[in-house]
Amino acid sequence: MTPEILTYGMFGMLLIAIICGVSLSFAMGGTAVIFGYLIFGPNGMYSIVSAAFGGMWSILLSAIPLFTFIGVALAKSRIASDLYHAFYLWSGRMPGGLLLGTSGFAATLSAMTGSCAASTITTGMVGIPAMDQRGYDRKFVLGTIGASGTLGILIPPSITLILIGMQTGQSIGRLFLGGMVAGLIALAVFLAYVAIRSRMRPNLAPTLGQTPPLRERLASLKSVILPVLIILSVLVSIFQGIATPTEAAAIGAAAVTLSVALRGELNWHYIKEVSYTTASVTGMVIWIVFGATAFTSIYGSGGGTAFMQQMLTGLSSSPWITILLMQLITLILGMFLDPVGIILLVLPIFFPIVVQLGFDPIWFCILFQLNLCIGYISPPFGYNLFYLKTLSPKTPITQIYAAVLPFLLLMLGVGALIFAFPQLITATTGA
């Protein structure tokens, strides 16, 4: 079987399976089994099993359930709602102040959970009712929450950045640092947009009736202490080289458990809910990892990876155009596929080209990750779009598309900025 036929066959079958409703993990794994048998006969099954078991031994995989636990434990405690209340009290009387606080809250939650789902849904659940009471425009609110929630996989700790590190062999600490810089740039752009639009059209985001007393605002800062300590326990231990990402995840999980216990929320019902949800989410991610590992193993063994690399490098004589094409492919895939699947499917093809062309690998990986974030709010199947629909079931999906469109353009602008000025990332990550 030629690499061209293999490429059309495997990706065509994968696409058909997804359209038919087959989960991504089984679509990739099933495609690998079929083509593995067609190309290599029964020996193809050995390649699949060998690749899957080889991936299972990666110590970085153990960080996934730990970071998942952190996000789930926070989402099911009252830490997030108390933190939002503090942002609400300090948002001030400026136009759009509550939305600015909501964006900051979503970014902080992202740094605690590493999950777009946890960040978006939790922010929406605690923020939408408060802003509805004060007459905020629902579309403006949904767009801001949906965009800010995408930072969950960009601002560390991030499960997808860990997977990118596994696939490329790059330092997780440097990836986290680059993700932090890109995430803060995106957040600054969101805040500027919300502030400017709220000032130009005050009816979209009315000011608060009165400024809360200083004593109440100072008292609310107590709720910020535990989240800050949780964030610092994870990030500082990684950035300072005190702990590996897996060890830092364990530190964070212990910090969250201790925080919940100190607040008197740790009971059997809470433990059961958090454990069940953590196991479910982790199982989903690990199955996608196994399915993608099998898919890329067969595809690579059949010559497909080398074929795709030759085709991409042959499309343009300009290395910058080649990088741009790879980012465009990632952006399009993000409209339809899960970020974990995209990382495991295409990064093994793209990354050797990046190294061969001499570009900084951390810079490329952060751009790649930013496009995955954009995919979360890209119609028609961006994950955050459906989270927003769940939070606001009476809002038509077309209005949700319109709500996120300005933020989608802003994120593309951030991507263009980082693409044009790589030193924004490289100067920080020590490249």
ask   = Side chains of Thr426 and Asp360: is there a donor and an acceptor less than 3.5 Å apart?
value = no
request  = Could you tell me the separation between the CD atom of Gln167 and the OG1 atom of Thr160, rounded to the nearest 0.5 Å?
outcome  = 12.5 Å
query = Parallel, tilted or perpendicular: which fits the ring planes of Phe419 and Trp363, with parallel below 30° and perpendicular above 60°?
reply = tilted
query = Are any non-hydrogen side-chain atoms of Ser148 and Thr102 less than 4.5 angstrom apart?
reply = no
request  = Check Leu151 against Ala186 and note the closest heavy-atom contact, atom names and distance.
outcome  = CD2-CB, 3.9 Å
ask   = Considering only heavy atoms from C-beta outward, does the side chain of Tyr299 approach that of Ile349 to under 4.5 Å?
value = yes
query = If you look at every heavy atom in Asn267 and Tyr270, which pair is closest and at what distance?
reply = OD1-N, 2.8 Å
ask   = Do the non-hydrogen side-chain atoms of Ile145 and Tyr387 ever get within less than 4.5 Å of each other?
value = no
remark   = Of all heavy-atom pairs linking Asn371 and Leu331, the shortest is OD1-CD1, 3.6 Å
inquiry  = Contact between Ser297 and Ile48 at the side-chain level, heavy atoms closer than 4.5 Å - yes or no?
reply    = no
query = Does Gly146 offer a backbone N or O that forms a donor-acceptor pair with the side chain of Asn384 under 3.5 Å?
reply = yes
request  = Might you work through the side-chain contact (heavy atoms from CB on, under 4.5 Å) test for Val346 and Phe368, ending with a clear yes or no?
outcome  = CA-CA 10 Å; Val346 303; Phe368 183 87; 3.8 Å; yes
inquiry  = Using 0.5 Å steps for rounding, measure from the OG1 atom of Thr120 to the OH atom of Tyr376.
reply    = 8.5 Å
query = Can you tell if the side chain of Tyr193 reaches within under 4.5 Å of the side chain of Phe407, non-hydrogen atoms only?
reply = yes
Close side-chain approach of Leu345 and Leu14, heavy atoms under 4.5 Å = yes
ask   = Where do Ile172 and Leu161 land on the side-chain contact (heavy atoms from CB on, under 4.5 Å) test, with the steps shown first?
value = CA-CA 7 Å; Ile172 302 296; Leu161 281 176; 6.0 Å; no
key: Ile343 side, atom CD1; Leu372 side, atom CG - distance, nearest 0.5 Å   = 5.5 Å
ask   = Looking at Leu6 and Gly303, what are the two nearest heavy atoms and their distance?
value = CD2-N, 4.5 Å
Trace of the side-chain contact (heavy atoms from CB on, under 4.5 Å) decision for Phe364 with Thr168 = CA-CA 11 Å; Phe364 174 83; Thr168 62; over 6 Å; no
ask   = Taking all non-hydrogen atoms of both residues, which atom of Cys373 and which atom of Leu154 are closest, and how far apart?
value = SG-CB, 3.7 Å
request  = Would you confirm whether Tyr136, through its side chain, and Ile128, through its main-chain N or O, come within 3.5 Å as a donor-acceptor pair?
outcome  = no
task = Please say whether more than 12 non-hydrogen atoms of neighbouring residues, nucleotides or ligands are located less than 6.0 Å from OH in Tyr276.
result = no
query = Nearest 0.5 Å, what's the CD1-CD distance between Ile418 and Gln327?
reply = 10.0 Å
ask   = Are Phe351 and Pro361 side-chain neighbours, meaning at least one heavy-atom pair lies under 4.5 Å?
value = yes
task = Can you spot which of Thr395, Ile397, Leu142 makes a side chain to side chain contact (heavy atoms under 4.5 Å, CB included) with Leu388?
result = Leu142
request  = Give a yes or no answer on whether the side chain of Thr150 reaches the backbone of Ala147 with a donor-acceptor pair at less than 3.5 Å.
outcome  = yes
message = Please give me the minimum heavy-atom distance between Ile366 and Ala182, naming the atom from each residue.
response = CG2-CB, 3.6 Å
Would you list the atom pairs, donor with acceptor, under 3.5 Å between side chains in residues 28-37 and any protein atom, with sequence neighbours excluded?
residue: Thr31; atom: OG1; partner: Ala27; partner atom: O; Å: 2.7

request  = For Phe140 and Arg201, run side-chain contact (heavy atoms from CB on, under 4.5 Å): C-alpha distance rounded to whole Å, both residues' side-chain angles, the deciding distance at 0.1 Å, then the answer.
outcome  = CA-CA 11 Å; Phe140 195 18; Arg201 297 186 60 187; over 6 Å; no
request  = Quick one: pull up CG in Leu367 and CD1 in Ile362 and give me the separation to the nearest 0.5 Å.
outcome  = 12.0 Å
query = Do the non-hydrogen side-chain atoms of Lys389 and Ile400 ever get within less than 4.5 Å of each other?
reply = yes
task = Drop me the distance from Ile153's CD1 to Ile162's CD1, to the nearest 0.5 angstrom.
result = 12.5 Å
